[in-house]
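Computation of the quantities below employed the complete heavy-atom set of this structure, encompassing side-chain atoms and omitting hydrogens, waters and symmetry-equivalent molecules. A, B, ... follow the sequence lines: proteins, then strands. Residue 1 opens every chain.
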Amino acid sequence: MADHRYDPREIEPRWQAAWERERAWEVSNEPDDRPKAYVLEMLPYPSGEPHIGHLKTYSVGDAIAHFRRRNGYRVLHPMGYDAFGLPAENHAIKTGVHPRDSTQASIEAFQRQFRAWGISIDWTREFGTHEPRYYRWTQWIFLQLLRRGLAHRREAAVKWCPNDATVLANEQVVDGRCERCGAEVEVRQLEQWFFRITDYADRLLDDLDSIEWPEHVKTMQRNWIGRSEGAEVVFRCEQLGIDYPVFTTRPDTLFGATFFVMAPEHPDVLRLAAGTDREDEVREYVNHVLAESVETRGDAEKPKTGVPLGRTVTNPVNGEELPMFVADYVLMEYGTGAIMAVPAHDGRDHEFARTFGLPIRRVIECGEELPCTGDGPLVGSGPFDGGHNREAYEEIVQWLDREGRGHASVNYRLRDWLVSRQRYWGCPIPVVYCEECGIVPVPEADLPVVLPDVEDYAPRGRSPLAAAEDWVNVDCPACGRPARRETDTMDTFVDSSWYFLRYCDPDNEGAAWDREAVDMWMPVDQYIGGVEHAILHLMYARFFAKALTDMDLLDVSEPFRALFTQGMVTKDGAKMSKSRGNTVDPAEISDRYGADTARCHILFIGPPDQDVDWSDEGVEGTHRFLARLWRLGADLAGEGAPAGPPADAQGDDLALVRKAHWAIEKVTGDMRRFAFNTAISAVHELVNETYRVRATAGPGALGFAASTAASLVFPFAPHVGADVFDRLTGRAVWTERWPEADPDLLETDTFTLVVQVNGKVRDRLEAPASASPDELKALAREAANVRAHVDGRELVKEVVVPGRLVNLVVR
RNA sequence: GCGGGCGUGGCGGAACGGUAGACGCUCCGGCCUUAGGAGCCGGUGGGCCUGACGGCCCGUGGGGGUUCGAAUCCCUCCGCCCGCACCA
């Protein structure tokens, strides 16, 4: 007789040991006859202990991995750590603990938790991105990009975080602040390493149509790439004999241009003003703007400022001389850093014109007040007058092209990816600077360039690596003369842009991956992670896949075929944070209730793609449910109940067997659409129903219902699922084929016919499933409560929905 | 400002255009028990009529529309959330 207490502390380690012993989740690279499925959750950044968000991500991913396995797939489900990064380094600055040590401690905490949660991971493929055996190949990829011209070094105005003393990628600046530490970001002119992600802008945009991603994530990526079609138009400054091209999306408004504006960073601004009476004023203005924080500068609400340059340019379409200005609302990094201003049809130009008393000339009759951006016939536009602006758009572009004054053009918001970081805890950039040879790549045979130990991690505006003199000074690989290593490290997003490839072949010492291994497993069939990576990581990884494919190192230009973004876990409706004191520690939950309860509950409380609120009361309910299932299984097993359904079940037996098949059908459908919350509800129903007929149903039906519940709950609560299934059947549920509902048992002899009169429910009655529409109508008309609403009125229509309802329309 | 999403009981949430509120939490009642914070069974949107069985009305943010029938589709307004934002 079983001990009748559900004891996860005994059950969970026992099954975890069994899975480890059997290497249940390991897959080899030897092909077999099963189709492959690569199920991957975004790799964790190891900092401290796992939080509740990790529990959710890996609970979702594990449910998918289990479901695929039991549907006959060979599932690759690996784990690793995104181990380089600022937090470990900042911690090192504060405490003196080497980032490697604090990172290692955190990795161990993650490993412990993931094992305690019973996540089905192939641990043989595990690695951290900070290990030389991994980052050797990150460096190798850098060299391949360098060779193809996709990595290059250039001076540019870049975002600088004064607190972290490093440059940042555009994507890491949020509202003018450093994404990591919140400090206001400055702009600095520095020479840095970039990846040419902009070369891939169109493909990054177009290929979104080929992948199964949430629409809102695709939209975010499209907006970030920000493709705009328009024209480049050349305005000439006759005084200096220089042509200034501008980008515009509105060539149709060219006759409405009344002035011309350049960005303060434009290299010609001071040169243009030189010698005019505006020279001092311009210099002062430019200095003032450059000192402004990105946040202040970017505020669209603040009043327009600017200074005349004392020069003019010629409008190519009508020969008009337009006064030139410098103003901070024009950005150097977009278009050409200069614009034609059409105050009648652009809000910002309008505002500027009003402030400076500049002419505003309407060129489109759109029937609205100025400034307007609507469509209509052109006016004041010379030969183009009267034509609709949409058509004039094309005609004007053609005219510009013919005259050699412009051409159709496309612009992107996307910038090249700035990858240098002046920080210690990252992957060293494998190049050497030689006075004779310039930038020299480290020979592939000399990789990895191992990150040296240093004493002082504090950033001083240059990488802490610069202090490691022994390491920095090397012989030039090309000419052998003394040279110096690059001391910047790579953005950690580089590390995570290819890790999913390394999982396919993690131990390869001769190459980043074996082509066959990667061709076999890639792409990732189901990727799971937080929506916070919708732009950064997901864009960079797509770029890498495309670049590597172009280099013939890979066959898949989209790395993640399907993406699932899970919502946040909140507490009391608010984001969890230590400062708010509303954190829920997943380790504490799984210690108290068991990992199954923790995992199952986080999936049960709401749709996994939405934000869900954690409640400490609610988790008791899930624990109760699992305990009920376990006790049911233990009791029935103790009574020797067979797990097979009775051959010709009747009465309660039949009803219960049907309920089990209903649950199979429901859970299977819900799994496919990631509706884990309703899938778990269906198992609740099956367990509840089994208890209800516990005294009257036969052991065969009861055993079948309980073992089916165990089988269905396994993807969410694998330990309980395995234990109950084993007790009832003696078999390993994880090797069992996912159950299939018997269509005959999903059908019933009768159904509840809902009868409506004028759309309102007036009665319900049991009707034979085989009844024809006419028979259903007849039944409906006879229903007692229906007659009270129908008698004495004219029946004008009868709507029949077979198997569901009849609606009688009366007047 | 532009783009996307959401709004359902006391709470989390269910509902191919077809029984609104599955399942869980909470609360209430019953059984079991020396006891029960254990377990098992039942009830739990609001209002009204009825002794009872049962019945009627209202109800998915507000208003309007399409439909035999709308939480679901369309229009409009309100509120909340997310992304982008002086991008020419």
Side-chain angles (χ1 to χ4, degrees), chain A residues 4-5 174-175 214-224 226-228 230 246-250 253 261 263 297-302 304 327-331 333-342 345-349 351-352 411-415 531-532 534-535 567-568 573 601 604-607 609-622 624-625 627-628 631 666 675 677-685 687-688 691-692 694-695 752-764 784-785 788-789 796-801 803-810:
Chain A
H4 287 250
R5 210 177 106 251
V174 178
D175 294 333
E215 213 40 58
H216 69 277
V217 175
K218 290 189 186 182
T219 303
M220 278 193 243
Q221 293 221 341
R222 287 189 189 107
N223 291 343
W224 191 263
R227 181 188 155 101
S228 337
V246 301
F247 174 73
T248 178
T249 54
R250 297 297 305 275
T253 65
V261 192
R297 164 92 186 263
D299 182 6
E301 303 299 308
K302 87 175 178 182
K304 293 280 174 287
D328 69 352
Y329 81 94
V330 175
L331 309 174
E333 60 263 32
Y334 188 78
T336 62
I339 62 156
M340 67 170 201
V342 184
H345 303 291
D346 180 278
R348 299 153 302 184
D349 296 346
E351 206 189 314
F352 191 86
N411 242 282
Y412 301 90
R413 214 188 75 100
L414 183 70
R415 305 262 68 89
V531 75
E532 65 273 17
I535 295 170
M568 246 187 345
H601 188 62
F604 174 67
I605 47 182
D609 57 330
Q610 284 174 30
D611 291 353
V612 292
D613 202 61
W614 180 271
S615 94
D616 291 328
E617 295 79 53
V619 75
E620 305 261 0
T622 297
R624 208 159 11 221
F625 155 64
R628 248 160 93 79
R631 234 180 298 113
K666 171 78 178 150
N677 54 331
T678 49
I680 293 167
S681 292
V683 185
H684 278 201
E685 286 196 52
V687 171
N688 289 347
Y691 268 90
R692 260 176 231 124
R694 178 82 168 85
T752 305
L753 177 70
V754 171
V755 188
Q756 298 180 333
V757 178
N758 289 348
K760 285 185 192 290
V761 178
R762 293 304 178 188
D763 215 335
R764 286 152 228 250
N785 197 45
H789 289 88
V796 293
K797 191 169 182 179
E798 291 166 306
V799 180
V800 181
V801 183
R804 279 193 182 271
L805 63 72
V806 173
N807 187 13
L808 306 175
V809 185
V810 298

For this session: Check every strand shown and say whether A/Arg227 touches a base, only sugar-phosphate, or nothing at a heavy-atom separation below 4.0 Å.
Result: nothing

For this session: Examine A/Lys304 relative to A/Phe352 and say whether NZ or CZ is less than 6.0 Å from the centre of the six-membered ring and inside a 45° cone about the ring axis.
Result: no

Problem set entry | Point-to-point distance, once rounded to the nearest 0.5 Å, from NE2 of A/His601 to CG of A/Asn677 | 11.5 Å

Seminar exercise, completed: Regarding the side chain of A/Trp224, the nearest nucleotide among B/rA88, B/rC57, B/rC84 is B/rC84

Exercise. Rounded to the nearest Å, what distance is computed from the CZ atom of residue A/Arg250 to the P atom of nucleotide B/rA88?
Worked result: 11 Å

Exercise. How close or far is atom P of B/rC6 from atom CE of A/Met568, stated in whole angstroms?
Worked result: 17 Å

Exercise. Watson-Crick or G-U wobble partner for B/rC56, using a 3.5 Å limit on both distances?
Worked result: B/rG47

For this session: Pick the C1' atom in B/rA71 and in B/rG18, then give their distance to the nearest Å.
Result: 13 Å

Exercise. Base, sugar-phosphate, or nothing: which does A/Arg222 touch, judged by heavy atoms less than 4.0 Å apart?
Worked result: nothing

Taking only N/O atoms, report every protein-nucleotides 47-49 of chain B pair under 3.5 Å with atom names and distance.
none

Exercise. In the 5'-to-3' direction, what one-character label does each nucleotide of nucleotides 8-29 of chain B receive under the scheme B = base within less than 4.0 Å of a protein heavy atom, S = sugar-phosphate only, - = no such atom?
Worked result: ----SSSSB-BBS-BBSSS---

Problem set entry | Lys/Arg-Asp/Glu bridge criterion (N-O < 4.0 Å) met for A/Arg692, A/Glu685 | no

Seminar exercise, completed: If pairing means Watson-Crick or G-U wobble with both distances under 3.5 Å, then the partner of B/rG7 is B/rC78

For this session: Please determine, for B/rC16, whether a Watson-Crick or G-U wobble partner exists with both distances under 3.5 Å, and give it or none.
Result: none

For this session: Give none if B/rG39 has no partner; otherwise give the nucleotide forming a Watson-Crick or G-U wobble pair with it, both distances under 3.5 Å.
Result: B/rC31

Exercise. Heavy atoms under 4.0 Å, any strand shown: does A/Val683 hit a base, just sugar-phosphate, or nothing?
Worked result: nothing

Exercise. Which whole number of Å gives the distance between the P atom of B/rU72 and that of B/rG17?
Worked result: 11 Å

For this session: Ignoring the backbone of A/Lys797, work out which of B/rC68, B/rC58, B/rG4 is nearest its side chain.
Result: B/rC68

Problem set entry | Closest to the A/His789 side chain, choosing from B/rC84, B/rC56, B/rA88 | B/rC56

For this session: Tell which nucleotide pairs with B/rC84, taking only Watson-Crick or G-U wobble pairs whose two distances are both under 3.5 angstrom.
Result: B/rG1

For this session: Find the distance A/Asn223:CG to B/rC82:C1' and express it as a whole number of Å.
Result: 12 Å

Exercise. Which part of the nucleic acid does A/Asn785 contact within heavy-atom distance under 4.0 Å: base, sugar-phosphate only, or nothing?
Worked result: sugar-phosphate

Exercise. With sequence neighbours left out, what residues match A/Lys302 under salt bridge (charged side-chain N to carboxylate O under 4.0 Å, His left out)?
Worked result: A/Glu292, A/Asp328

For this session: Look at the aromatic rings of A/Phe247 and A/Tyr334 and report parallel, tilted or perpendicular, splitting at 30° and 60°.
Result: perpendicular

For this session: Would you classify B/rG10 as syn or anti? Syn applies when the glycosidic angle is within 90° of 0.
Result: anti

